[in-house]
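Worksheet: one structure, shown below.
Lettering follows sequence order; numbering is per chain, from 1. From a predicted model like this one, the values you see are computed outputs, not experimental measurements.
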Amino acid sequence: MKRIRASPRSSASQSFFSRVYALVRQVPRGRVVTYGQIARALGAPGAARTVGWAMRGSPASVPWHRVVNARGEISLRPTTGYHEQRARLKAEGVRFDRAGKIDLEKYGWKRV
DNA sequence: CGAATGACCAAGC
DNA sequence: GGCTTGGCCATTC
């Protein structure tokens with residue numbers, strides 16, 4: 001098995017990640033947020049990728065399944081957890097269109 | 001400090 | 001609608 005380079009949480013990188021987790025925990029059930037949205041809320045309007053990296057090591061207490069990309073799609077690969085995320089969202093009442101996308105105008109958290 | 005990485009984003013074709 | 005390219009950023013080694 002391939003070993004990932006130090007999981008985020010196994011290190012003392014709690015500054016940025018912790019804020020990401022704290023924010024994601026605030027996402028109400030049945031709503032979703034985008035990586036970019038989180039990044040901006042944290043004051044790093046371009047760190048969307050970093051947010052994704054943070055989610056990768058997100059604790060079980062974090063509703064990571066409510067985080068999708070700017071297009072309203074699940075960013076995970078089918079082999080990484082796509083199915084699980086989609087199932088969880090569906091269980092919360094989030095709908096997916098034919099292309100497997102979510103209507104951010106409708107389910108987006110604090111949609112602007 | 002430099003190079004590599006990643007669950008991203010916007011723009012182009 | 002789908003694929004490619006370049007750019008951004010924090011973290012890691």
Side-chain angles (χ1 to χ4, degrees):
Chain A
M1 41 195 232
K2 62 177 94 162
R3 195 187 307 219
I4 54 181
R5 282 180 220 335
S7 201
R9 56 178 162 169
S10 66
S11 206
S13 51
Q14 302 165 350
S15 53
F16 194 79
F17 293 161
S18 287
R19 279 169 237 192
V20 174
Y21 303 148
L23 197 67
V24 177
R25 283 200 198 95
Q26 295 175 52
V27 182
R29 190 169 174 283
R31 294 267 146 130
V32 297
V33 279
T34 68
Y35 297 93
Q37 202 176 343
I38 295 174
R40 273 180 226 137
L42 295 178
R49 306 192 74 174
T50 308
V51 173
W53 178 249
M55 297 319 292
R56 182 168 166 271
S58 63
S61 59
V62 177
W64 53 271
H65 57 278
R66 295 188 191 134
V67 184
V68 297
N69 62 29
R71 287 184 184 176
E73 300 175 295
I74 292 176
S75 208
L76 289 168
R77 293 183 185 179
T79 55
T80 318
Y82 175 91
H83 301 297
E84 186 181 343
Q85 177 163 15
R86 179 160 172 163
R88 289 198 182 196
L89 289 175
K90 199 173 178 184
E92 297 189 348
V94 178
R95 283 201 186 186
F96 291 83
D97 64 5
R98 275 194 305 167
K101 297 198 221 167
I102 300 171
D103 184 354
L104 293 179
E105 294 295 312
K106 194 172 180 182
Y107 300 101
W109 182 52
K110 286 186 177 179
R111 54 183 181 185
V112 222

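- Considering only the side chain of A:Arg71, C:dC3 comes nearest among C:dC3, B:dC9, B:dA7.
- Separation of atoms OH (A:Tyr107) and CZ (A:Phe96) is listed at 9.5 Å; rounding is to 0.5 Å.
- For the pair A:Arg56 CZ and B:dA4 C1', the interatomic distance rounds to 13 Å; values are reported in whole Å.
- For the pair A:Ile74 CD1 and B:dC9 C1', the computed distance is 18 Å after rounding to whole Å.
- Residue pairs meeting the salt bridge (charged side-chain N to carboxylate O under 4.0 Å, His left out) criterion with at least one member in residues 57-79 of chain A, sequence neighbours excluded, are A:Arg66-A:Glu92, A:Arg71-A:Glu73.
- Under the salt bridge (Lys or Arg N to Asp or Glu O under 4.0 Å) criterion, A:Arg88 pairs with A:Glu84, sequence neighbours left out.
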Return all side-chain donor-acceptor pairs below 3.5 angstrom for residues 40-52 of chain A, not counting sequence neighbours, or 'none' if the list is empty.
none

Are there any protein N/O atoms within less than 3.5 Å of an N/O atom in nucleotides 8-10 of chain C, and if so, which ones and at what distance?
unit_1, atom_1, unit_2, atom_2, d
C:dC8, O2, A:Gly46, O, 3.4
C:dC8, N4, A:Arg49, NH1, 3.2
C:dC9, O4', A:Gly46, O, 3.2
C:dC9, O2, A:Thr50, OG1, 2.7
C:dA10, O4', A:Thr50, OG1, 3.0

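- Residue A:Tyr35 contributes atom OH, which lies 14 Å from atom P of B:dG6 at whole-angstrom precision.
- For A:Ala87, the side chain to side chain contact (heavy atoms under 4.5 Å, CB included) test picks out no residue, with sequence neighbours left out.
- To the nearest 0.5 angstrom, A:Arg19 atom CZ is 14.0 Å from A:Ile38 atom CD1.
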